[in-house]
Amino acid sequence: MRIEKCWFCSSTIYPGHGIQFVRNDAKIFRFCRSKCHKNFKMKRNPRKVKWTKAYRRLHGKDMTQDSTFEFERKRNRPERYDRNLTENTLKAIKTIDKVRSRREAKHIETRKKGKKAQLMREAVKELEQSINLVKAPGAFKEDNSLTLPKIKVKVSQTQTENQPMEE
């Protein structure tokens with residue numbers, strides 16, 4: 001059973017699913033669903049469409065460099081069947097999958113760290129701007145520490161009052 005990758009979004013295509021497009025130069029494009037096929041026909045760049053794997057990798061949302069990806073590469077050289085080798089390979093696949101899932105979880109946590117501090121700054125700023133929605137107006141009269149200090153500014157009048165307006 002051969003599992004293909006979608007040309008547009010890089011998701012897996014199982015046998016009997018998806019659409020295959022063959023260009024005049026005999027290049028084969030496989031698509032997982034009509035959404036990917038239509039975007040390809042509209043000549044959209046997968047790196048600029050936010051829901052694709054290419055966009056996520058380019059903008060640092062998914063892991064791009066990891067040694068576990070090397071095991072997933074497609075190899076076109078046929079191997080002679082060996083029962084021990086097959087058994088060891090299946091065991092290795094399970095452990096590699098665990099390692100990859102742990103590394104992806106760690107990658108997501110590191111991405112979230114920067115976002116948390118930014119959300120806190122935005123929340124504090126919004127709270128400062130609209131404190132009157134949180135506290136009752138009577139509380140401001142009782143406790144002056146809640147209000148921002150008032151700044152007095154002198155405004156000078158210019159001598160434009162005597163000149164007639166131009167039409």
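Looking at every heavy atom in both residues, Val49 comes nearest to Thr52 through O-OG1, 2.9 Å.
Put simply, the side chain of Cys9 reaches to within 4.5 Å of the side chain of Trp51, judged on heavy atoms.
Counted within 6.0 Å of CE on Met120, heavy atoms from surrounding residues, nucleotides or ligands total 12 or fewer; the atom is thus considered open. More than 12 heavy atoms of other residues, nucleotides or ligands sit less than 6.0 Å from atom CD of Gln20. Annotation: Phe21, atom CZ; neighbour count of heavy atoms from other residues, nucleotides and ligands within 6.0 Å is above 12.
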Inset, instruction - Could you check Lys5 against Ile13 for side-chain contact (heavy atoms from CB on, under 4.5 Å), going step by step and ending with a plain yes or no? - result: CA-CA 6 Å; Lys5 291 275 184 193; Ile13 308 170; over 6 Å; no
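Arg103 meets the side chain to side chain donor-acceptor pair (under 3.5 Å) test with Asp66, Ser67; sequence neighbours excluded. For Phe31, the ring pair (Phe, Tyr, Trp, His ring centres under 6.0 Å) criterion is met by His37, Phe40, not counting sequence neighbours. When the salt bridge (Lys or Arg N to Asp or Glu O under 4.0 Å) test is applied to Asp25, the partners found at least two apart in sequence or on another chain are Arg23. For Glu122, the side chain to side chain donor-acceptor pair (under 3.5 Å) criterion is met by Gln118, not counting sequence neighbours. Remark: Glu87 engages Lys91 in a salt bridge (Lys or Arg N to Asp or Glu O under 4.0 Å) (not counting sequence neighbours).
A side-chain donor-acceptor contact under 3.5 Å links Asn39 to the backbone of Lys35. Here the side chain of Ser11 pairs no donor or acceptor atom with the backbone of Cys6 at under 3.5 angstrom. Using modelled atom types, one side-chain atom of His59 and one backbone atom of Tyr55 make a donor-acceptor pair closer than 3.5 Å.
Separation of atoms CZ (Arg33) and CZ (Phe8) is listed at 10.0 Å; rounding is to 0.5 Å. A distance of 12.0 Å separates OG in Ser10 from CZ in Arg56, rounded to the nearest 0.5 Å. Lys98 contributes atom NZ, which lies 13.5 Å from atom CD1 of Ile93 (distance to the nearest 0.5 angstrom). Note that the CZ atom of Arg102 and the CZ atom of Arg100 stand 12.5 Å from one another [nearest 0.5 Å]. To the nearest 0.5 angstrom, Thr89 atom OG1 is 12.5 Å from Lys94 atom NZ. Atom SG of Cys32 and atom CD of Glu4 lie 12.5 Å apart (nearest 0.5 Å).
Cluster partners of Val22, using a side-chain heavy-atom cutoff of under 4.5 Å among ILVMFWY residues and allowing indirect links, are Ile28.
Leu119 and Leu127 are not part of a single hydrophobic cluster, where members link through side-chain heavy atoms under 4.5 Å apart.
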